[in-house]
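Please read the structure below before turning to the comments.
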Amino acid sequence: MKKISIIIPLYNKEKTIYETVNSCLSQDYTNIEVVVVDDGSTDNSLNMIKSITDSRLVVKSFPNGGVSAARNRGAKIANGDFLIFIDADDLMLSNCVSTLVALGKKYPGADIYCGNCEVVSNGESNPFCKNKKEGFIKNNFRERYFRKFTMSAGSTMYSKVSYERHGGYDIRISVFEDTDFDLRYLRFAKIVYTPKCLYKHILDNAELSVNLKPLNCYYTNYADFNDATCFWEKIIMAMIVYAIICKFKYAGKTYEYKILKKKFRRYYGYIHIHKFLSVLFR
């Protein structure tokens with residue numbers, strides 16, 4: 001049996017971390033380890049999981065370095081053949097790991113195995129992807145843009161070998177850090193998808209939409225359209241850049257909004273294409 005490492009970056013999630021850890025330890029696939037990387041929490045988060053005595057739970061504490069650094073630290077600590085990252089306020093369904101492992105046996109040789117996820121908001125739950133076809137992804141960037149699959153934390157399993165080749169998360173980025181991580185993976189990875197929902201992303205717990213951070217924490221501070229390898233990678237970049245620009249605009253952050261507008265002025269054509277496609281197909 002392959003060993004699977006589930007990595008949870010933790011920072012001030014005292015209200016949710018116990019349930020998140022329990023959802024990971026309650027998997028019907030038992031050859032797992034759950035690595036909690038405390039990123040300098042200042043609340044009661046660590047005390048909430050002290051009562052858990054499962055030997056598969058590993059808890060390590062470090063000074064605050066951000067979510068990307070915490071995930072990278074977790075990957076270094078991990079002893080598994082495959083890695084799964086999950087946020088400290090989301091939930092794994094009990095068949096998540098077993099489904100991904102079975103997918104690996106059915107489609108050997110991939111770098112990434114991923115499933116669908118349930119997005120929970122105001123008590124309502126809906127699948128993120130509408131694609132009902134299982135198998136290898138043929139065009140990584142295009143199919144990712146059209147939500148034919150998702151690399152959401154909690155429903156995505158990475159081979160340790162591919163993660164080491166990839167290089168991990170950029171520790172400079174703490175907002176939309178997964179965009180940078182995913183795009184660099186999509187350039188080389190062989191990906192297999194199952195339409196089964198494997199975890200719950202609980203929007204009610206998310207703080208991303210209400211707490212704006214300094215610009216240098218955002219993906220946009222480091223995004224460079226010249227690094228993109230194809231048209232569809234640029235469209236994904238445009239989608240995220242536009243979302244971040246809108247966040248600062250509607251929050252009344254005029255200074256940051258103007259900086260972003262100026263930086264990406266040359267690439268607004270891609271943003272307009274994204275806006276057109278989002279109306280046409282979504």
Side-chain angles (χ1 to χ4, degrees), residues 2-11 13 20 24 32-41 58-90 92 96-97 100 104 109-115 117 137 140-141 144 149-193 199 201 208 213-214 216-224 227-229 233 236-237 240 244:
K2 296 288 187 181
K3 187 170 186 177
I4 312 301
S5 297
I6 303 169
I7 298 164
I8 308 174
L10 172 62
Y11 181 73
K13 294 291 184 179
T20 297
C24 297
I32 63 171
E33 65 174 356
V34 178
V35 181
V36 176
V37 181
D38 177 60
D39 191 38
S41 292
V58 178
V59 181
K60 299 290 184 180
S61 294
F62 297 90
N64 182 259
V67 63
S68 295
R71 289 189 181 124
N72 288 343
R73 285 166 171 163
K76 288 183 179 180
I77 295 167
N79 293 308
D81 303 291
F82 290 87
L83 310 175
I84 299 174
F85 299 95
I86 182 171
D87 292 335
D89 51 11
D90 290 332
M92 271 189 172
C96 176
V97 176
L100 293 174
D111 303 297
I112 297 173
Y113 298 93
C114 55
C117 69
I137 298 300
N140 288 354
F141 290 107
R144 175 62 187 86
F149 73 102
T150 177
M151 291 165 62
S152 298
S155 64
T156 303
M157 184 173 75
Y158 306 88
S159 74
K160 186 75 174 289
V161 172
S162 75
Y163 179 86
E164 290 170 348
R165 174 187 172 190
H166 172 277
Y169 287 85
D170 186 333
I171 62 173
R172 300 172 299 176
I173 309 173
S174 58
V175 187
F176 288 100
E177 74 287 341
D178 50 340
T179 297
D180 171 77
F181 180 82
D182 290 354
L183 290 179
R184 287 187 285 116
Y185 241 122
L186 291 174
R187 292 172 186 171
F188 74 87
K190 295 179 181 179
I191 303 172
V192 175
Y193 168 78
Y199 100 114
H201 176 48
L208 190 62
K213 294 184 178 182
N216 64 354
C217 295
Y218 284 78
Y219 165 70
T220 41
N221 202 55
Y222 310 97
D224 187 345
D227 291 338
T229 58
E233 181 175 1
I236 294 174
M237 292 176 68
I240 301 304
I244 295 171

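All figures in this text were calculated on a predicted structure; none of them were measured in a lab.
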Donor-acceptor under 3.5 Å ([X] side chain, [Y] main chain):
X	Y	value
Lys2	Gly104	no
His166	Phe181	yes
Tyr11	Ala70	no
Glu33	Asn79	yes
Glu177	Ile173	no
Arg144	Ile236	no
Asp170	Asp180	no
Asn64	Asp39	yes
Ser68	Ile171	no

* Apply side-chain contact (heavy atoms from CB on, under 4.5 Å) to the pair Asp111 and Ile191, showing each step before the final yes or no. => CA-CA 6 Å; Asp111 303 297; Ile191 303 172; over 6 Å; no
* Structure fact -> Only one of Asp38, Thr20, Asp89 passes side chain to side chain donor-acceptor pair (under 3.5 Å) with Lys13, and that residue is Asp89
Spacing of [X] atom [atom1] and [Y] atom [atom2] [to the nearest 0.5 Å]:
X	Y	atom1	atom2	answer
Cys96	Ile6	SG	CD1	7.0 Å
Met151	Leu186	CE	CG	5.0 Å
Asn216	Asn221	CG	CG	6.0 Å
Met157	Ser162	CE	OG	10.0 Å
Ser159	Glu164	OG	CD	9.0 Å

* Carboxylate-amine/guanidinium contact Arg71 Asp87, below 4.0 Å -> yes
* side-chain contact (heavy atoms from CB on, under 4.5 Å) assessment of Phe82 paired with Ser5 -> CA-CA 6 Å; Phe82 290 87; Ser5 297; over 6 Å; no
* Asked: How about Tyr169 and Phe85: are their ring centroids closer than 6.0 Å?
  -> yes
* To do: Check whether the ring centres of Tyr158 and Tyr185 lie less than 6.0 Å apart, and answer yes or no.
  => yes
Please find the pair of heavy atoms, one from [X] and one from [Y], that lie closest to each other, and give the distance.
X	Y	result
Tyr193	Gly115	CE1-C, 4.0 Å
Ala75	Tyr163	CB-CE2, 3.4 Å
Met237	Ala223	CE-CB, 4.1 Å
Cys24	Val34	CB-CG2, 3.8 Å
Ala78	Ile7	CB-CD1, 4.3 Å
Val192	Ala110	CG2-CB, 3.7 Å

* **Qualifying residue, where the test is side-chain contact (heavy atoms from CB on, under 4.5 Å) with Ile4 and the options are Leu83, Asp81, Ile32** => Ile32
* Tyr113 and Thr156: side-chain contact (heavy atoms from CB on, under 4.5 Å), yes or no, with the steps? -> CA-CA 6 Å; Tyr113 298 93; Thr156 303; over 6 Å; no
* Asked: Would you say the side chain of Met92 lies within less than 4.5 Å of the side chain of Ile86, judging by non-hydrogen atoms?
  -> yes
* Asked: Quick one: are Tyr219 and Leu183 in side-chain contact, heavy atoms under 4.5 Å?
  -> yes
* Asked: Got a sec, which residues hit side-chain contact (heavy atoms from CB on, under 4.5 Å) with Lys213, two or more places apart in sequence or on another chain?
  -> Ser174, Val175, Cys217, Tyr218
* Residues, nucleotides or ligands: over 12 heavy atoms within 6.0 Å of Lys76 NZ -> no
* NZ/Lys160: more than 12 non-hydrogen atoms of other groups inside 6.0 Å -> yes
* Asked: Are Leu100 and Ile84 close enough, and set up right, to give a side-chain contact (heavy atoms from CB on, under 4.5 Å), and what steps lead you there?
  -> CA-CA 10 Å; Leu100 293 174; Ile84 299 174; 4.0 Å; yes
